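Small disclaimer: the values here were computed from a predicted structure and weren't measured.
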Amino acid sequence: SSSSSSIDIDSSTSFDYNPKVMKRNVNSIIPLLLSKLGNISINRLDLFESHQLMNIIWSFSKIQLPSTKLFSEIIKIIINNKIFYKLKSNEISSILWSFAVLQYKSD
């Protein structure tokens, strides 16, 4: 007998937690989770360090999940807060790679 319980992502989405089911559904849960985290983070981006902003962008691109609004806000934070000058070469290359993978174009 396998045990299962319910995990609520938000008021309209929940998943049954069963290890076999979760393994099959992980590809649908991760994009949903990242979208929710992106929506929560968007109002707090000015609190993030440069490497954390890069990790957000990289995470979305790694699973091919574009987020135009989030990316636009991150670019504004990087440019307006002069974080760009604090970025290390690997952070710049990761951001550029991420945007290229998603074919993201900023205004």
S.K.: Determine whether L70 and L47 fall in the same hydrophobic cluster, where Ile, Leu, Val, Met, Phe, Trp and Tyr are linked whenever their side-chain heavy atoms lie under 4.5 Å apart.
M.R.: no
S.K.: Given side chain to side chain contact (heavy atoms under 4.5 Å, CB included), test L65 with F60 step by step and report yes or no.
M.R.: CA-CA 5 Å; L65 183 66; F60 277 77; 3.7 Å; yes
S.K.: Look up atom CG in L87 and atom OG in S50, then write down how far apart they are to the nearest 0.5 Å.
M.R.: 5.0 Å
S.K.: For the pair Q52 (side chain) and E49 (backbone), establish whether a donor and an acceptor sit closer than 3.5 Å, ignoring hydrogens and angles.
M.R.: yes
S.K.: Do F48 and I78 pass the side chain to side chain contact (heavy atoms under 4.5 Å, CB included) test, and can you show the C-alpha distance, the side-chain angles, and the key distance before you say yes or no?
M.R.: CA-CA 10 Å; F48 288 78; I78 289 172; over 6 Å; no
S.K.: Starting at OG of S94, measure out to NZ of K62 and round the result to the nearest 0.5 Å.
M.R.: 11.0 Å
S.K.: Under 6.0 Å from the CD atom of Q103, do we count more than 12 heavy atoms belonging to anything else shown?
M.R.: no
S.K.: Do the ring planes of F99 and F71 sit parallel (below 30°), tilted (30 to 60°) or perpendicular (above 60°)?
M.R.: tilted
S.K.: Taking I74 as the starting point, is it possible to reach I63 by hopping between hydrophobic residues whose side chains are less than 4.5 Å apart?
M.R.: yes
S.K.: Can K76 and E73 be said to form a salt bridge (charged side-chain N to carboxylate O under 4.0 Å, His left out), step by step?
M.R.: CA-CA 5 Å; K76 287 178 193 173; E73 291 302 315; 3.2 Å; yes
S.K.: First locate atom OG of S72, then atom CD1 of I42, and finally report the distance between them rounded to the nearest 0.5 Å.
M.R.: 8.5 Å
S.K.: Answer with yes or no whether the side chains of Y104 and S67 bring together a donor and an acceptor at under 3.5 Å.
M.R.: no
S.K.: Which residue, S61, S93, S59, forms the side chain to side chain donor-acceptor pair (under 3.5 Å) with S98?
M.R.: S61
S.K.: Would you compute the distance between atom CD of E91 and atom CG of L53 and round it to the nearest 0.5 angstrom?
M.R.: 9.0 Å
S.K.: Please tell me whether I40 and L45 are part of a single hydrophobic cluster in this structure, the criterion being side-chain heavy atoms less than 4.5 Å apart.
M.R.: no
